[in-house]
Amino acid sequence: MKAAAKRGAVSASRGPGFARLLAQLPRDKADTLLLLAAALMVLAPHAGHLPLWVSALCGLTLLWRAVATLRGTRMPSALLLLPMSMAAMAGVFMSYKTLFGRDAGVAMLVLLVAFKMLEMHARRDLFVVIFLSFFLVLTNFFYSQSIFTALMMIASIIALLTAQLSFQFTGAVPPLGRRLWMGARVFLMAAPLAIVLFVLFPRIQGPLWGMPSDAQGGRMGLSNSMAPGNMSNLAQSDDPVFQVRFLDPPPSKAQLYWRGVVLGEFDGRTWTKVRRAPRGAAGQISMHVRGPAIRYQLTLEPSSNNWLFALDLPDRLPDLEDNTARVSDELELSASYALDKRVRYDMSSHIDYSLGATPELAERWRWLDLPDGFNPQALQAGAAIGQTMRDPEQRVRSVLTMFTEQPFSYTLQPPLLGRNSVDDFLFKTRSGFCEHYASAFVVLMRAAGVPARVVMGYQGGEFNPIDGFLAVRQSEAHAWAEVWIAGRGWVRVDPTAAVAPERVQRGLSSALAQNPPAFAGLGGLLGLSGERNALLEQLRFRYDAINNGWNQWVLNYTPDRQSGLLDSLKLSLAHWRTLAILAAIGALLLLWRAVRLRRGTDPVDALYSALCRRMSQLGMARTADEGPNAYAARLAQGTLAQDKIAAARRFLALYSAHKYSARPPAPGLASTLKSLLNNI
């Protein structure tokens with residue numbers, strides 16, 4: 001045992017710095033420092049959302065305990081700890097105006113774990129800290145449920161298990177690396193049961209960590225209005241908006257228009273929604289579709305808005321869990337309340353359609369209305385187009401030709417515009433993002449007598465070849481226009497495509513790469529420069545696929561999905577062939593385990609067990625508390641034949657030397673023991 005402990009100490013001294021430090025310290029100090037390191041792994045992720053003073057106080061407390069451990073000084077008395085604790089609770093109340101709820105509760109628990117470090121006097125206190133830390137691991141999921149957070153918490157659990165196991169050893173302590181492996185094995189043994197419980201245990205509505213009003217932080221996305229600069233700011237974000245899995249062959253990238261918000265009221269600078277009540281269904285809206293629908297499944301990320309997105313043009317309302325979908329007269333899909341958790345719904349859409357193809361347009365005035373006193377040059381130019389050309393389609397083409405032939409540019413950094421924003425854009429700066437072109441186009445169309453409106457949503461997306469999902473991010477935010485033409489209805493017109501066709505055909509990065517001066521310096525930061533590294537691209541696709549799988553199969557494992565899985569399992573298990581296959585797999589697993597156990601048995605130990613059974617048959621059974629040397633001494637006093645007693649004593653002497661001597665085992669030991677056993 002001493003030799004083994006010495007070898008462990010030598011191996012630890014050659015390891016990393018922290019392991020070497022632990023190996024050089026007394027047992028109690030080493031275990032305490034290991035517990036401090038494990039607690040730090042649990043507390044550190046909370047620094048991102050706790051007040052700065054809480055994180056600083058916890059860091060100082062842990063440092064205090066580490067210094068006291070290394071120097072061997074006494075812990076502070078209760079007369080000091082009690083006022084510190086009361087002051088900390090008062091600080092929590094001042095920071096959150098309450099002592100209840102998620103944030104205040106987590107802050108108090110973090111402080112409790114840190115302060116408990118200064119109060120560890122007995123073995124029981126050590127385990128109190130460990131169990132509090134285990135509970136604190138769960139609270140990290142109040143703020144993030146990403147796969148990275150899950151991996152960090154797994155590492156924290158293994159560190160806590162290692163610290164807990166370290167306190168259990170009564171003799172020589174294995175090196176830190178071996179103890180870490182022991183903690184990992186304990187975790188791995190518990191993981192299958194945790195997975196089974198996750199899959200089969202009845203689930204509650206919403207995630208376990210979903211607390212009232214603050215379960216998940218909703219992300220900002222498209223708003224109910226559009227002004228110059230809104231969309232360009234949003235396009236600089238790489239945050240995901242939704243993922244799409246097509247069940248039918250997907251359309252081309254130029255056809256991926258994801259309809260969102262329709263804007264019809266203009267105050268001279270800002271476009272807003274038309275004020276009207278939403279419909280429960282689209283039964284009164286005139287639609288005519290051509291060709292089969294495209295089916296797909298859309299997973300929408302949490303948001304502070306209630307907009308639902310669909311490929312233009314959806315043919316039905318999505319079926320939402322714990323929410324109700326509705327549609328407006330402009331075919332905007334929305335939910336009854338904000339979508340503050342991840343939502344997945346099945347949809348089907350037609351990309352070849354006619355919308356509102358009637359001889360007359362109801363409320364025509366609404367889509368021609370323009371404010372007085374704003375943008376006089378644009379109004380005059382639009383009126384001239386209307387007087388020159390009588391055909392609405394010719395008026396549309398004339399404006400698109402103007403955007404194409406005149407020196408307009410597409411950029412994420414447009415110049416600032418004044419009170420008459422459309423005039424400044426059309427006749428001065430001629431540089432803008434999609435919202436500038438959509439706004440100017442609709443103003444010109446209305447001034448020319450063509451009903452028009454702005455549509456905001458997303459255009460395009462990026463297909464991931466690893467998992468086959470289409471990822472749509474905030475950088476795909478886009479604005480286009482719809483004009484109404486008698487007999488054709490509302491027709492989509494994307495004026496941005498006239499200036500930067502690469503934006504629609506290949507994406508934002510390709511369009512901006514055509515104009516490097518306005519985008520210099522920013523493309524490298526945003527990853528939109530158009531230059532892609534194949535290796536980095538593959539790594540990013542794989543990371544996105546793993547993250548999307550985590551979202552689809554773990555975070556979005558709802559009661560409905562669990563019910564569907566269990567129903568499919570019932571149908572599968574009902575078939576006799578499935579049962580036979582499962583039985584065969586079970587038998588193979590048992591056989592594999594038996595062979596593995598047999599191979600893992602020491603042959604010397606197997607011979608010793610055989611000797612004990614033989615002596616028991618001869619009336620000299622070994623007692624449970626009897627070692628090989630004591631057993632050999634008792635056999636010498638027995639009544640068996642001397643040759644048998646001599647063989648048994650020789651057997652036990654060799655076995656004892658093999659098990660308890662520091663010397664390497666003698667060659668051919670098993671053969672010698674087997675020969676002695678045959679002589680008994």
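This structure is a prediction, so every number in the text was calculated from the model and none was measured. Note that these values count all heavy atoms, side chains included, but never hydrogens, waters or copies made by symmetry.
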Any donor-acceptor pair under 3.5 Å from S336 side chain to T324 backbone: yes
Ring pair (Phe, Tyr, Trp, His ring centres under 6.0 Å) assessment of H478 paired with Y458: CA-CA 5 Å; H478 194 54; Y458 297 90; 9.9 Å; no
Any side-chain heavy-atom pair of E330 and W490 under 4.5 Å: no
Side-chain donor/acceptor of N375 to backbone N/O of V422, under 3.5 Å: yes
Donor-acceptor contact below 3.5 Å, side chain W258 vs main chain G460: yes
Close side-chain approach of P250 to F463, heavy-atom, < 4.5 Å: yes
Check: N224/W307 side-chain N/O donor and acceptor closer than 3.5 Å: yes
CA sep, side-chain torsions, deciding dist, call: K273, E332, salt bridge (Lys or Arg N to Asp or Glu O under 4.0 Å): CA-CA 11 Å; K273 279 179 51 61; E332 306 161 297; 2.9 Å; yes
Main-chain N/O of D369 paired with R446 side-chain donor or acceptor, under 3.5 Å: yes
Cation over ring face, R492 and Y257, 6.0 Å, 45°: yes
Whether F425 and H436 hold their rings parallel, tilted or perpendicular, with breakpoints at 30° and 60°: tilted
pair L333-P314: side-chain heavy atoms closer than 4.5 Å: yes
Polar side-chain atom of R290 near backbone of Y353 as donor-acceptor pair, under 3.5 Å: yes
Short side-chain donor-acceptor distance under 3.5 Å, Q297 and D346: yes
Side chains of V343 and N323 in contact at under 4.5 Å (non-hydrogen atoms): no
Short side-chain to backbone donor-acceptor contact, D424 and G418, under 3.5 Å: yes
Where at least one partner belongs to residues 384-408, residue pairs that pass side-chain hydrogen bond (donor to acceptor under 3.5 Å, both in side chains), sequence neighbours excluded: E393-R488, Q406-R430
V483 side chain near F441 side chain, heavy-atom distance below 4.5 Å: yes
Side-chain (R102) to main-chain (F142) donor-acceptor, under 3.5 angstrom: yes
Smallest separation among heavy atoms of V454 and A438, with atom names: CG2-O, 4.2 Å
Residue pair Y345 / L298, side-chain heavy-atom distance below 4.5 Å: yes
Check: N306 side chain, A335 main-chain N or O, donor-acceptor pair, under 3.5 Å: yes
Heavy-atom check, side chain of V442 versus side chain of R453, under 4.5 Å: no
H49 side chain to Y143 backbone, donor-acceptor under 3.5 Å: no
Contacts of F403 that satisfy ring-ring contact (aromatic ring centres under 6.0 Å, His included) - sequence neighbours left out: F408, Y437
Donor-acceptor pair between T496 and W480 side chains, under 3.5 angstrom: no
Q377 backbone acceptor or donor facing D423 side chain under 3.5 Å: yes
Close side-chain approach of L300 and R342, heavy atoms under 4.5 Å: no
Atom CG of L416 with >12 non-hydrogen neighbours under 6.0 angstrom: no
